[in-house]
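Let me begin by presenting the structure, written as structure tokens, before commenting on it.
Positions are given from 1, in the same order as the sequence printed here.
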Amino acid sequence: MAKPILKTAITPNGLIGVTMAVIGLYLLAFTDFHSINTGDLLAFLCAIFFALQIVYTGKYSPHANPLLLVAIQLSAVSLLSFFSALQFEPWKEVWRADILFKPLVLVTLLITSLLATTLAFIAQTHVQKVAHPTRVALIFAMEPVFAALADYVWFGTELSWRAMLGCLCILAGMIVAELPRSLLHRHK
């Protein structure tokens, strides 16, 4: 996907690493192929668009002010999410003052909007000035691994052998993508 947009080819190590990470994500997320539902398909579609966001951020971040680029991205997502929420969500319940102005809700909104979204996107945009989109995508692929580990540590959720194998595949994919090409292709 990156080559037509960025005019750069993915390295063989990057392709192997991404393939390993995708296999790992499948093992981590799905217990069996028949359990895929509408939400899973929507999450997959979201992942495709998020990958495009990473590729385009990589394309434009070297030439743009990171704060302006993030402001444009977050404004577009906010507007689209607002109109989608009006269409698909029980939005009248969201505007209830007894819910919206609870301290826990306000703190949660501040943390997720400022730290987990705005600062994360500023950091991503800044890093993508120098990092290849494949490397950034593989770093983001570690998010479900950390989520599974946090679930295990904080809530005691058992990790199945598939989930552990999935985590190992994602980690191995990151390592393979970062290895010098000569190490993987020494015998050719």
Quiz item: Can you list the steps and then say if L67 with I122 is a side-chain contact (heavy atoms from CB on, under 4.5 Å)?
Solution: CA-CA 7 Å; L67 295 178; I122 290 170; 3.6 Å; yes
Quiz prompt | Nearest atoms (heavy-atom pairs only) where G24 meets C169 | solution = CA-CB, 3.6 Å
Quiz item: How about K102: does its NZ atom have over 12 heavy atoms from other parts shown lying under 6.0 Å from it?
Solution: no
Exercise. Please examine the side chains of L119 and L114, heavy atoms only from C-beta on, and report whether any two atoms are closer than 4.5 Å.
Key: no
Quiz item: Which heavy-atom pair separates A120 from A116 by the least distance, and what is that distance?
Solution: CB-O, 3.4 Å
Exercise. Kindly indicate whether the side chain of T57, heavy atoms from C-beta on, has any atom under 4.5 Å from the side chain of Q73.
Key: yes
Practice problem: Determine whether Y60 and I72 fall in the same hydrophobic cluster, where Ile, Leu, Val, Met, Phe, Trp and Tyr are linked whenever their side-chain heavy atoms lie under 4.5 Å apart. | Solution: no
Quiz item: Has Q53 got more than 12 heavy atoms of other residues, nucleotides or ligands less than 6.0 Å from its CD?
Solution: yes
Quiz item: Got N65 and L69 here, is their nearest side-chain heavy-atom distance under 4.5 Å?
Solution: no
Practice problem: May I ask whether M142 and I175 are part of the same hydrophobic cluster, defined by side-chain heavy atoms of I, L, V, M, F, W, Y residues being less than 4.5 angstrom apart, directly or through others? | Solution: yes
Practice problem: Kindly compute the distance separating CG (L68) from OG1 (T125), expressed to the nearest 0.5 Å. | Solution: 10.5 Å
Quiz item: Nearest heavy-atom pair of V105 and L100: which atoms, and what distance?
Solution: CG1-O, 3.6 Å
Quiz item: Cluster question for you: counting only ILVMFWY and a side-chain heavy-atom cut-off of under 4.5 Å, with indirect links fine, are L27 and W161 together?
Solution: yes
Quiz item: Distance-only, no hydrogens or angles: does the S61 side chain make a donor-acceptor pair with backbone N or O of Q128 under 3.5 Å?
Solution: yes
Quiz item: Do F82 and F88 share a hydrophobic cluster, counting only Ile, Leu, Val, Met, Phe, Trp and Tyr and linking them when any side-chain heavy atoms are less than 4.5 Å apart?
Solution: no
Quiz item: Looking only at heavy atoms, what is the nearest atom pair of D98 and R96, with distance?
Solution: OD2-NH2, 2.8 Å
Quiz prompt | Pair L149-L159, side-chain contact (heavy atoms from CB on, under 4.5 Å): steps then yes or no | solution = CA-CA 8 Å; L149 293 175; L159 289 177; 4.2 Å; yes
Quiz item: Do I23 and L165 belong to the same hydrophobic cluster, where Ile, Leu, Val, Met, Phe, Trp and Tyr are linked whenever their side-chain heavy atoms lie under 4.5 Å apart, directly or via other members?
Solution: yes
Practice problem: Indicate yes or no: at least one non-hydrogen side-chain atom of I170 is less than 4.5 angstrom from one of M20. | Solution: no
Quiz prompt | Donor-acceptor under 3.5 Å (T118 side chain, S113 main chain) | solution = yes
Practice problem: Evaluate the side-chain proximity of H126 to F121: yes if any heavy-atom separation is below 4.5 Å, no if none is. | Solution: no
Self-check item: T112 OG1 to L110 CG distance, which is reported to the nearest 0.5 Å
Solution: 8.0 Å
